[in-house]
Amino acid sequence: TEQEIARSKAAIEKAKAHRRKELEQQHQETRREVARIWENAQTANDDHPYLRRKKVRSHGTRIAQDGRLMVPIYDQKFTLSSLQYIDGEGGKLYHAGGKVSGCYLTIGMPSDSIYVVEGFATGATVREVTGDMVVVAFSANNLPAVTGHIRDAFGAAQRIVIVADNDAGGVGLAKATEASAKHAAHVVVPPE
């Protein structure tokens with residue numbers, strides 16, 4: 001009946017609201033935890049095995065107690081939201097409970113062009129080659145949201161270039177193209 005459908009919809013909305021509240025509480029607790037970890041960590045030097053392997057500089061990253069590289073992840077209010085841990089071989093993990101969706105890392109100050117990339121090593125490389133500001137989205141799926149935040153923050157006149165990963169499955173290019181169409185950005189695919 002219509003009443004049963006209405007009750008079911010109300011129960012679903014109540015459950016969704018409860019889940020959103022739980023997630024926000026988890027994200028708040030994680031923000032406090034990663035802030036403490038970040039503040040107590042030593043600044044990374046360019047000699048970290050991952051950085052040497054990728055031939056990039058540290059760009060303000062830090063070192064976890066276990067020796068992994070720590071890359072900060074910020075929300076739109078520039079609050080530390082989570083951390084990405086990268087071991088010497090390139091294995092990557094996010095801090096459990098942290099918010100990553102829609103979050104990013106900026107490297108450098110605003111410039112004529114702002115480059116949006118998936119990963120830290122790509123971002124460090126682009127920054128070192130161009131000298132322009134780079135925004136690390138941390139995943140292909142995050143490119144549309146992050147590009148939207150950058151477009152909103154810097155306006156329609158800002159030149160935004162998305163550097164798409166040329167992965168075998170095509171996800172990087174597909175998400176870069178989606179972000180480009182939504183937020184008037186250019187897409188480039190670097191040679192392998």
Side-chain angles (χ1 to χ4, degrees), residues 16-45 48 50-51 56-87 91-111 113-128 132-156 158 160-163 165 175-176 178-179 182-183 185:
K16 284 181 181 179
H18 180 72
R19 179 65 182 142
R20 281 191 299 270
K21 186 177 177 182
E22 284 180 338
L23 275 175
E24 181 52 35
Q25 184 177 14
Q26 179 183 22
H27 290 156
Q28 285 178 4
E29 290 170 10
T30 301
R31 281 193 293 270
R32 287 190 291 273
E33 183 178 355
V34 296
R36 181 187 50 75
I37 292 168
W38 183 254
E39 288 170 13
N40 292 316
Q42 291 184 339
T43 302
N45 62 41
H48 186 275
Y50 178 74
L51 299 174
V56 297
R57 295 190 307 267
S58 62
H59 295 284
T61 55
R62 296 189 182 178
I63 300 295
Q65 288 183 341
D66 63 5
R68 291 181 295 173
L69 190 69
M70 289 192 307
V71 181
I73 303 170
Y74 296 95
D75 65 15
Q76 294 75 41
K77 297 177 184 175
F78 303 105
T79 301
L80 185 62
S81 177
S82 191
L83 296 169
Q84 182 183 54
Y85 301 94
I86 307 175
D87 65 31
K92 298 172 186 165
L93 290 173
Y94 294 107
H95 194 93
K99 183 175 188 246
V100 177
S101 179
C103 299
Y104 50 88
L105 167 68
T106 60
I107 304 172
M109 299 302 290
S111 50
S113 295
I114 297 176
Y115 291 85
V116 181
V117 303
E118 286 184 41
F120 174 77
T122 302
T125 301
V126 171
R127 169 71 178 157
E128 291 165 21
D132 289 324
M133 181 176 164
V134 173
V135 179
V136 178
F138 294 98
S139 74
N141 289 329
N142 216 15
L143 287 172
V146 169
T147 304
H149 295 313
I150 299 307
R151 175 59 69 213
D152 291 345
F154 291 95
Q158 177 64 54
I160 298 174
V161 179
I162 303 168
V163 180
D165 280 4
K175 288 297 182 178
E178 176 186 331
K182 285 182 179 178
H183 306 294

Quick check for you: to the nearest 0.5 Å, what is the distance between Leu143 atom CG and Ile150 atom CD1? 11.5 Å
Least distance between heavy atoms, Ala124 atom then Val56 atom: CB-CB, 3.6 Å
Using modelled atom types only, decide if a donor and an acceptor are shared between the side chain of Ser81 and the backbone of Lys99 within a distance under 3.5 Å. yes
Whether the side chain of Arg151 engages the backbone of Gly155 through a donor-acceptor N/O pair (distance < 3.5 Å, no angle test) should be reported. yes
At what distance, to the nearest 0.5 angstrom, does CG of Leu80 lie from CZ of Arg32? 13.0 Å
Would a 4.5 Å heavy-atom cut-off, applied to side chains only, mark His59 and Arg127 as touching? yes
All heavy atoms of Val136 vs all of Gly123, minimum pair found to be CG2-CA, 4.3 Å
With sequence neighbours left out, what residues match Lys77 under side chain to side chain contact (heavy atoms under 4.5 Å, CB included)? Asp75, Thr79
Could you go through the side chain to side chain contact (heavy atoms under 4.5 Å, CB included) check for His183 and Ile160 one step at a time? CA-CA 9 Å; His183 306 294; Ile160 298 174; 6.0 Å; no
Please find the pair of heavy atoms, one from Met133 and one from Val135, that lie closest to each other, and give the distance. CE-CG2, 4.0 Å
Test salt bridge (charged side-chain N to carboxylate O under 4.0 Å, His left out) on Lys175 and Glu178 and set out the steps. CA-CA 5 Å; Lys175 288 297 182 178; Glu178 176 186 331; 3.2 Å; yes
Main chain of Ala41, side chain of Gln65: is a donor-acceptor contact present, judged purely on distance under 3.5 Å? no
Cut-off 3.5 Å, side chains only: do His95 and Gln84 have a donor facing an acceptor? no
Least distance between heavy atoms, Pro72 atom then Phe138 atom: O-CZ, 3.7 Å
Interatomic spacing from CD1 in Ile63 to CZ in Arg68 - rounded to 0.5 Å: 11.0 Å
If you round to the nearest 0.5 Å, how far is OH of Tyr85 from CD1 of Ile37? 4.0 Å
Reported OH-to-OG1 distance for the pair Tyr104 and Thr147, which is rounded to 0.5 angstrom: 11.0 Å
Arg62 side chain to Trp38 main-chain N or O, any donor-acceptor pair under 3.5 Å? yes
Taking every heavy atom of Tyr115 against every heavy atom of Val163, the minimum-distance pair comes out as CD2-CG2, 3.8 Å
Would you confirm whether His149, through its side chain, and Pro144, through its main-chain N or O, come within 3.5 Å as a donor-acceptor pair? no
Partners passing side chain to side chain contact (heavy atoms under 4.5 Å, CB included) against Asn45 (at least two apart in sequence or in another chain): Asp47
Return the minimal non-hydrogen interatomic distance between Cys103 and Ile73, and the atom names on each side. CB-CG2, 3.5 Å
Working to the nearest 0.5 angstrom, can you tell me the gap between Glu118 CD and Asn142 CG? 10.0 Å
I'd like to know if the side chain of Thr122 and the backbone of Val117 have a donor-acceptor N/O pair within less than 3.5 Å. no
Please confirm whether the backbone N or O of Tyr50 pairs with a side-chain atom of His48, one donor and one acceptor, at under 3.5 Å? yes
Test your reading of the model: is there a side-chain donor-acceptor pair from Thr61 to the backbone of Ala44, 3.5 Å cut-off? no
